[in-house]
Amino acid sequence: MLSYIYSVAKEFEREHGFSPNLLYMNYAHLECLKQQLEDPNDFNAILVFLGMELILQQEAIHPSVAWSHSPWKEAVYI
């Protein structure tokens, strides 16, 4: 999962000239991601590690990235 997110983020950066700050994924993607991290229960550490806000959408088929001028910061603890 990490390599896929990295690839999508790098492609976004190549295309737009700046890094994304939003990551869209569903709960299954999040669970896969958490299994690859040292402390999967530290949600804030996950956000810091990614360097992006996380937006969980059940209809997200694949993780995708975007950029927003003013990302909202409302943590959702899972």
Aromatic plane relationship, Phe12 with His16 - under 30° parallel, 30 to 60° tilted, over 60° perpendicular:
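Ring orientation of His16 relative to Phe12: tilted.
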Which residues share a side-chain hydrogen bond (donor to acceptor under 3.5 Å, both in side chains) with Glu13, sequence neighbours left out
Lys10, Ser19
By side-chain hydrogen bond (donor to acceptor under 3.5 Å, both in side chains), Asn26 pairs with (sequence neighbours left out) His29
My understanding is that only residues two or more places apart in sequence, or in another chain, count here; which of them pass side chain to side chain contact (heavy atoms under 4.5 Å, CB included) with Ala45?
Asp42
Name all residues meeting the side chain to side chain contact (heavy atoms under 4.5 Å, CB included) criterion together with Val8; count only those two or more places apart in sequence or in a different chain, and write none if there are none.
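Partners of Val8 under the side chain to side chain contact (heavy atoms under 4.5 Å, CB included) test: Tyr4, Val65.
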Report the distance from atom [atom1] of [X] to atom [atom2] of [Y], rounding to the nearest 0.5 Å.
{"X": "Glu53", "Y": "Ile55", "atom1": "CD", "atom2": "CD1", "answer": "7.5 Å"}
{"X": "Leu23", "Y": "Leu30", "atom1": "CG", "atom2": "CG", "answer": "9.0 Å"}
{"X": "Leu2", "Y": "Ser7", "atom1": "CG", "atom2": "OG", "answer": "12.5 Å"}

Restricting to non-hydrogen atoms, name the atom on Gln36 and the atom on Met1 that form the minimum distance, rounded to 0.1 Å.
NE2-N, 3.1 Å
To check you understand the geometry: which heavy-atom pair defines the closest contact between Pro40 and Ile46, and what is its length?
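Here Pro40 and Ile46 meet closest at O-CD1, 3.8 Å.
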Strictly distance-based, threshold 3.5 Å: is any side-chain N or O of Asn21 a donor or acceptor partner for the main-chain N or O of Gly51?
no
Side chain to side chain contact (heavy atoms under 4.5 Å, CB included) between Tyr27 and Gln58, intermediate numbers included
CA-CA 7 Å; Tyr27 289 98; Gln58 196 54 39; 3.1 Å; yes
Please report the C-alpha distance between Met25 and Leu56 in whole Å, then the side-chain angles of each, then the deciding distance to 0.1 Å, and finally whether the side chain to side chain contact (heavy atoms under 4.5 Å, CB included) criterion is met.
CA-CA 5 Å; Met25 61 174 31; Leu56 295 171; 3.9 Å; yes
Checking side chain to side chain contact (heavy atoms under 4.5 Å, CB included) for the pair Phe49/Leu33: CA distance, chi angles, key distance, verdict?
CA-CA 11 Å; Phe49 177 76; Leu33 174 63; 5.6 Å; no
Met52, Tyr6: one ILVMFWY side-chain cluster at the under-4.5 Å cut-off?
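The answer is no; the residues belong to distinct hydrophobic clusters.
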Within-4.5 Å side-chain heavy-atom neighbours: Leu54 and Leu22
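A side-chain contact under 4.5 Å is absent here.
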Residues that Tyr24 engages under ring pair (Phe, Tyr, Trp, His ring centres under 6.0 Å), provided they are two or more places apart
none
